[in-house]
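Notes for the one structure printed next.
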Amino acid sequence: MFVLHVALQGCLRGNNVEYGVTTDTGGHIRYLLDLVAACSRDVPETRSFIATRAFDGFGEAYRTPIEVVDPKTTILRFPTDNPAYLAKEDLHSEIESFSDALIAHLEAAEERPDLLHAHYADAAVVAAKVKAKLGIPFVFTGHSLGKVKQKAMPSCASDRGFGERIAAEELALDQASLIIASSRDEAELQYKSYRNYDPGRIRVLPPGSDLKAFCSAQSSPAVEQELSRFLTEPEKPVLLAIARPVTKKNLAGLVEAYGRSKPLQALANLVIVAGTRGDIDTLEAEIAENLKDLLQLIDRYDLYGKVAYPKSHRSEDIPAFYAYARDRGGIFVNPALNEPFGLTLLEAAAVGLPLVATDSGGPNDIVETCGNGLLVDPRDANGIADALLQILKDPDLWTRFSQNGDVAVRTYDWSRHVTRYSELMTDLVHLPEPAVQRPIQLLISDIDNTLVGSVPHLHAFGNWRRVQENLAFGVATGRSFHSAMAVLEQQDVPRPEVMITSVGSEIYTLDENGVSYVQDHDWLQRICGNWQRSAVERVLRTVAGLTPQAPLEQRDFKLSYFSDGTHATIERVKQALQNAGLLASVIHSHKRYLDILPIKASKGTAVDHVRRRYGLAQTAVFVAGDSGNDIEMLQSIPQSIIVANYSDDLGKLPSLKHSYIASNTHAAGIIEGVLHFRGKQEAACPRAS
Ligand code: GLC
Ligand code: MG
């Protein structure tokens, strides 16, 4: 595989990058160099070229046309009309001449790349021109998005180059074969406000991070001594926050939560590592204001002796702060109003600290993937305190969360990233094996605790599935498309032809390229009638016993809550909706999740829609599930399979009497069920011999 990366911004070079030398010499360069280095190291058959712009004024390095980084990685620099260094806001004037130079180079080259990878919006314009001229497809990584910036700072819409940036991002979404995002937040919320948003073409591939220094972190005398100046009982568990004191990080929200909760104060100290400061009055206004707020809150709740807020530390002390908290059975807290990715959470996880983190942004993925903490609404002080207390009071839970931090080290790793990356890229450029064009049977399975849950059974399933000619395979899940995709890829499940997600409210089918998915818009048309999302949401705010799930779980056609699990609460929900004259399906599972959907949306109706699209009879369909949100699907399909590890009393429900209850659990139960029903069909209608 030969990939040509295009990256135009900042002072890009192969080694000794001067991060910060210009505003644009930052994170995206680090990402790109880490990516190509990992490819060079771990993917034998890959070569990477990076095309960037040559410019004057920063030394010879940035004018050198060819820089060999390592035997498999080369940087190519192309001069453009303007020879000067340009900030990203001004680069669009150079796109034309850059593209011409690159196209001329590729036309003359002995070998053309299989694929281009554009980094940041401006590079996507170049990639689209190359695609138009030479037919080479491209993938896109945004790194940071104009619309996200605009949301935080509306005035930036009139900045130089901003209109061009948005237009370039729209072009990327329209033209790229695949868009690579770092988190579900980016894939599901940040890109959503673009006109050309197409979720099935976005894939979440978290970047790697170097966590080794944190895995072996130990507390240090310097840290012990510094904190003992503040704390009267320094042996107590520590709630640790490490963040710049800016409003978005919401450190005040954490002090508020701690200040209001006497039980929390009795059980733990609070340590806030908020940068290094001299005289507060000499700091930037926002930082000064935040620090003053913190000091005032500490005073208001009289938290002296319980809260530490060191004035300075060295960067090498950071691992020791985490270790100090871990050694005392503490918890890492990130109460940010929004956290785009969450590097500190990965560091804390690597050290072995359980997490309590904001439910807005990247932490969702980390906690979901690692199972190492709890998500909280950062604006809910009581909710934050409750989550902290829950972990502090339950040593088994603390230990489980602490140990699960290991998963972060394994998952957020560049080697792992490039393994998946190169698989995706290879699949994109090679035509897939002819897919099941005209399936004669369709198998749709739930994911959690049905398909996934036992690694050996899942492997057996993968092998079995590969030899099932004419069987189309799909999943039906409560998870969103990207959340589902993430588990399936982590577990190496064969790519399904169909993904029914968000409890049946969305359907995606595998594209001809065998990699990306196409959302079924007909389905949305079918279910959208009578759905009054905001009215439903308003009514449910008044129902006791419900807490909304994280913002990412709320979809256009699915509202999700945690319930207290009682029958009375569900009745109250149904009653409240009825009283308000609102039609909606109410689906309860695991005595904990409550999903509200348009009345026509469900896993079962979605399976039926897919069946019709394939032109199959009902008798050609198998479904498999384990819990409450599968009931309706299992009920509506004659050949339904309940895996042995079912919950929510599925095996006893009269409406599921027709289902086959497998004696095997998880994926082995699915195979068992399909064979059972096939055997019955054979018996009823034996093939002529
Ligand atoms: C998944 C979803 C959640 C939903 C649950 C039950 O866990 O992420 O939003 O409530 O399934 O359907
Ligand atoms: Mg399940």
Side-chain angles (χ1 to χ4, degrees), residues 184-185 187-189 204 359 363-369 371 374-375 377 444-454 457-458 461 474-488 491 493 499-506 533 536-537 540 545-565 569-570 573 584-598 601-607 623-634 640-651 656 659 662 665-667 669-670 673:
R184 264 181 79 195
D185 192 64
E188 296 181 349
L189 293 180
V204 179
D359 63 12
N364 203 307
D365 296 38
I366 298 173
V367 169
E368 184 174 292
T369 308
L374 300 173
L375 295 174
D377 175 350
I444 303 272
S445 170
D446 167 53
I447 296 182
D448 292 276
N449 298 316
T450 306
L451 185 62
V452 168
S454 151
H457 289 177
L458 192 54
F461 180 85
V475 292
T477 175
R479 293 173 180 263
S480 69
F481 173 78
H482 290 99
S483 164
M485 209 62 225
V487 256
L488 297 181
Q491 313 262 349
V493 178
M499 307 257 301
I500 294 173
T501 60
S502 300
V503 205
S505 63
E506 296 172 32
R533 187 181 189 279
V536 171
E537 201 196 350
L540 294 191
L546 291 188
T547 330
Q549 292 181 20
L552 273 180
E553 304 304 331
Q554 316 301 339
R555 310 282 303 166
D556 287 350
F557 297 98
K558 163 178 171 281
L559 287 166
S560 291
Y561 300 81
F562 295 117
S563 83
D564 59 11
T569 300
I570 303 180
V573 168
S585 302
V586 177
I587 295 175
H588 197 224
S589 45
H590 292 283
K591 300 197 168 52
R592 179 172 144 79
Y593 301 112
L594 191 83
D595 303 307
I596 318 288
L597 309 167
S602 68
K603 286 186 177 181
T605 51
V607 170
V623 292
D626 75 297
S627 79
N629 77 2
D630 303 313
I631 293 176
E632 181 273 348
M633 166 174 89
L634 296 166
S640 61
I641 303 158
I642 300 175
V643 289
N645 54 299
Y646 65 81
S647 59
D648 297 331
D649 292 333
L650 256 54
L656 296 184
S659 302
T665 67
H666 305 101
I670 306 175

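Sequential numbering from 1 along the given sequence is applied to the chain's residues. Whatever order the structure lists them in is the order used to number ligands and atoms, beginning at 1.
- Residues of the protein with a heavy atom under 4.0 Å from ligand 1 are Gly478, Arg479, Val503, Gln549, Glu553, Lys558, Ser560, Ser589, Tyr593, Asp595, Asn629, listed by chain and number.
- Note on Asp448: its N/O/S atom closest to the Mg ion (ligand 2) is O.
- The name of the N, O or S atom in Asp446 nearest to the Mg ion (ligand 2) is OD2.
- Side chain of Asp648 to backbone of Gly628: a donor-acceptor contact under 3.5 angstrom is found.
- Applying the side-chain hydrogen bond (donor to acceptor under 3.5 Å, both in side chains) test to Thr605 and every residue at least two apart in sequence or in another chain returns Ser602.
- Closest heavy-atom contact between Ile641 and Ile670: CD1-O, 3.8 Å.
- Between Ser480 and Thr501, every side-chain heavy-atom pair lies at or beyond the 4.5 Å cut-off.
- Side-chain contact between His457 and Thr665: present, with at least one pair of heavy atoms (C-beta onward) separated by less than 4.5 Å.
- Nearest to the Mg ion (ligand 2), among the N, O or S atoms that Asp626 has, is OD1.
- Within the 2.8 Å limit, Asp630 places no N, O or S atom next to the Mg ion (ligand 2).
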For residues 588-596, please give each side-chain donor-acceptor pair under 3.5 Å, one per line with the distance, not counting sequence neighbours.
from: His588; atom 1: NE2; to: Ser563; atom 2: OG; distance (Å): 2.9
from: His590; atom 1: NE2; to: Ser627; atom 2: OG; distance (Å): 3.3
from: Asp595; atom 1: OD1; to: Ser560; atom 2: OG; distance (Å): 2.7

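- Every residue meeting the ring pair (Phe, Tyr, Trp, His ring centres under 6.0 Å) condition with Phe461, not counting sequence neighbours, appears here in chain and number order: Trp464, Phe473.
- Using a cutoff of 4.0 Å between basic side-chain nitrogens and carboxylate oxygens, Glu506 and Lys558 are not scored as salt-bridged.
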